[in-house]
Amino acid sequence: MRSTIWACIALLVPVLAFADGVSAGRQKELKNLLYQDCGSCHGMKLTGGLGPALTPQALQGKSGEFLATTIRYGRAGTPMPPWGPLLSDADIRWLADYLKNPGDKQ
Amino acid sequence: MILRGLMLLVLLSSAFSLSAELRGTGDMGVVVERANGQLLIVEHTNDRRLAEIDGLGDLSHASVVFSRDERYAYVFGRDGGLTRVDLLEGKIVKRVMQSGNSIGGAISQDGRLVAVSNYEPGGVRVFDADTLELVADIPAEYASGKLSKTVGLVDAPGNRFVFSLYDGNQIWIADMTDPGKPVITKFEDIGKAPYDALISPDGRYYIAGLFGEDSMALVDLWHPEKGSRKILQGYLAHDEKLPVYKMPHLEGWGMAGRYAFVPAVGQHKVLVIDTNDWKQVDAIEVHGQPVFVMVRPDSRQVWVNFAHPNNDTVQVIDVESREIVKTLKPGKAVLHMEFTPRGEKLWMSVRDEDRIDIYDTRTMEKTGELPASKPSGIFFTDRAHRIGL
């Protein structure tokens with residue numbers, strides 16, 4: 001019985017700590033990256049700068065898939081660089097979701 | 001009675017520590033704390049913080065110029081806020097929201113006008129330096145109904161402002177002789193996507209970096225009739241353009257004697273240009289995509305920081321040998337560097353460590369540090385007396 005409980009906990013812990021496959025610590029790093037580094041072009045409040053605004057309102061009608069593709073490969077002909085070499089697929093998915101629904105993940 | 005008088009004196013002096021102390025401002029400066037929209041007032045003789053000011057709005061990418069008496073700082077916020085700060089009183093004197101989204105500014109040669117470079121609405125607005133009242137509005141209309149984001153705004157001799165149109169591929173000179181009626185000279189098709197610009201320390205050459213091509217655009221302000229010309233064309237040669245995770249900055253651009261040191265775009269190199277003929281004479285391999293390439297005031301060293309993900313590193317280039325003589329690892333996210341007026345010290349903001357580090361530039365060793373909340377730009381008041389800053 002006891003071993004079963006432990007097994008359940010052992011299974012659960014990673015699920016809780018790694019929601020979306022991104023650990024809480026990593027989420028914090030990604031938020032810092034988003035507001036501070038992406039923010040140098042998109043504005044620290046994501047209201048736009050040299051690059052377009054990335055607020056949920058501004059991104060209405062853009063799919064998560066589109067955002068993930070833009071983050072991964074960049075946008076040719078603009079200064080938006082490809083982040084694929086620096087971020088994992090899970091990181092990129094998390095960022096795309098977060099941009100669409102920042103409230104859900106705060 | 002005497003004791004009471006003394007206590008009162010102590011109380012008074014602590015309450016007005018900044019203003020009551022009779023002092024000059026030549027060794028003062030400000031540091032932008034971008035996370036919480038604060039401005040630190042600092043002093044570099046004793047390397048200390050003097051005051052912290054709130055209420056400056058969104059300070060991501062904020063920049064600062066100083067009044068010619070070095071008493072007031074003009075802070076250009078991302079949110080379009082223009083704020084005049086009294087360094088001695090440690091407080092905001094005046095603040096206006098002048099646009100929706102701005103990127104930087106400049107102060108005129110005569111010190112009477114402050115110009116702001118705006119993204120939204122695209123253009124430049126000019127204000128009275130005392131009252132911050134609007135004096136002139138210059139929409140950057142490059143095609144019918146189309147406004148361009150403006151970048152690389154600097155002051156130039158002759159009470160002129162010069163700036164570039166990021167979307168319009170143009171350079172404009174605004175002659176402010178009659179402040180209410182700027183006379184604009186336009187240079188079209190200067191090259192694709194100017195992202196920032198600089199002016200030589202003597203105020204003669206304006207050079208815009210181009211993001212859309214491996215070249216730079218140069219205007220000789222002594223001879224605007226000669227137009228804009230491209231220099232360093234094809235500097236990437238056959239090398240692949242690497243991703244650029246932060247736009248390089250050309251402000252504080254390094255002119256060391258006849259040589260200029262500029263960041264390559266999309267290459268981990270600092271380019272060396274001979275200003276006699278504007279030809280590239282060298283390309284120094286460095287640790288990452290250079291962001292700031294800063295020449296020490298005596299022109300003997302060049303300090304370079306880098307874009308993400310190499311922004312934990314700073315390298316020092318010896319100007320004479322053009323070799324890297326030191327590689328420093330100050331910590332996560334080194335954003336900005338500023339030399340003291342004669343260059344014996346350098347302050348750098350280490351954003352993700354919430355620290356300002358202070359270096360002795362001769363030994364290239366760290367000699368001190370100050371706490372700061374996500375520090376970015378560092379600006380010392382001696383900029384007040386330098387053309388283009």
Side-chain angles (χ1 to χ4, degrees), chain A residues 22 24-59 67-92 94-96 98-99 102 106, chain B residues 32-37 57-62 77-80 100-104 117-120 122 148-151 166-167 192-196 209-213 241-249 265-266 289 291 307-311 332-333 335-336 351-352 374-377:
Chain A
V22 177
R26 184 61 182 157
Q27 292 182 25
K28 204 173 154 208
E29 286 174 6
L30 289 173
K31 275 192 213 173
N32 189 58
L33 179 84
L34 178 65
Y35 291 112
Q36 299 293 336
D37 294 294
C38 305
S40 58
C41 275
H42 295 283
M44 212 181 69
K45 294 177 179 163
L46 307 185
T47 50
L50 198 65
L54 300 179
T55 54
Q57 298 88 313
L59 295 177
L67 297 181
T69 304
T70 303
I71 295 168
R72 186 174 293 115
Y73 299 109
R75 292 289 289 275
T78 80
M80 177 66 185
W83 291 84
L86 302 180
L87 300 174
S88 71
D89 282 351
D91 288 343
I92 291 171
W94 187 87
L95 277 170
Y98 181 79
L99 283 169
Q106 296 259 336
Chain B
V32 173
E33 296 186 300
R34 66 192 223 169
N36 43 15
D58 181 351
L59 292 184
S60 56
H61 214 292
R78 166 71 85 184
D79 53 8
N101 197 319
S102 68
I103 189 64
S117 178
N118 289 318
Y119 282 167
E120 185 56 51
S148 173
K149 293 172 180 139
T150 54
V151 297
Y166 174 77
D167 309 291
K192 274 164 74 179
Y195 65 90
D196 197 6
L210 301 172
F211 195 85
E213 52 189 277
K241 185 173 177 177
L242 302 169
V244 178
Y245 293 105
K246 180 172 170 61
M247 282 288 201
H249 281 245
V265 178
Q289 165 68 54
V291 175
H308 185 91
N310 296 314
N311 56 6
K332 273 198 232 161
L335 284 203
H336 197 233
R351 185 193 68 202
D352 289 354
K374 296 259 181 281
S376 60

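Per chain, numbering begins at 1; letters A, B, ... match sequence-line order.
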Gap separating the CG atom of B:D352 from the CG atom of A:L33, nearest 0.5 angstrom: 9.5 Å
Reported OG-to-NE2 distance for the pair A:S40 and B:H308, which is rounded to 0.5 angstrom: 10.0 Å
Closest non-hydrogen atom pair between B:R34 and A:Y35, with its separation: NH2-O, 4.5 Å
Inter-chain contacts: residues 67-80 of chain A against chain B, heavy atoms under 4.5 Å: A:T78, A:P79
Residues of residues 43-50 of chain A with any heavy atom under 4.5 Å of a heavy atom in chain B: A:G43, A:M44, A:K45, A:T47, A:G48, A:G49, A:L50
For [X], which atoms come within 4.5 Å of any heavy atom of chain A: side chain, backbone, both, or neither?
{"X": "B:K374", "result": "side chain"}
{"X": "B:D167", "result": "neither"}
{"X": "B:N101", "result": "side chain"}
{"X": "B:Y245", "result": "both"}
{"X": "B:R351", "result": "side chain"}
{"X": "B:D79", "result": "neither"}

Student check: side-chain heavy atoms of B:P309 and A:L86 closer than 4.5 Å: yes
Heavy atoms from other residues, nucleotides or ligands near NZ of B:K241 exceed 12 (cutoff 6.0 Å): yes
Main-chain N/O of A:H42 paired to B:R78 side chain as donor or acceptor, under 3.5 Å: no
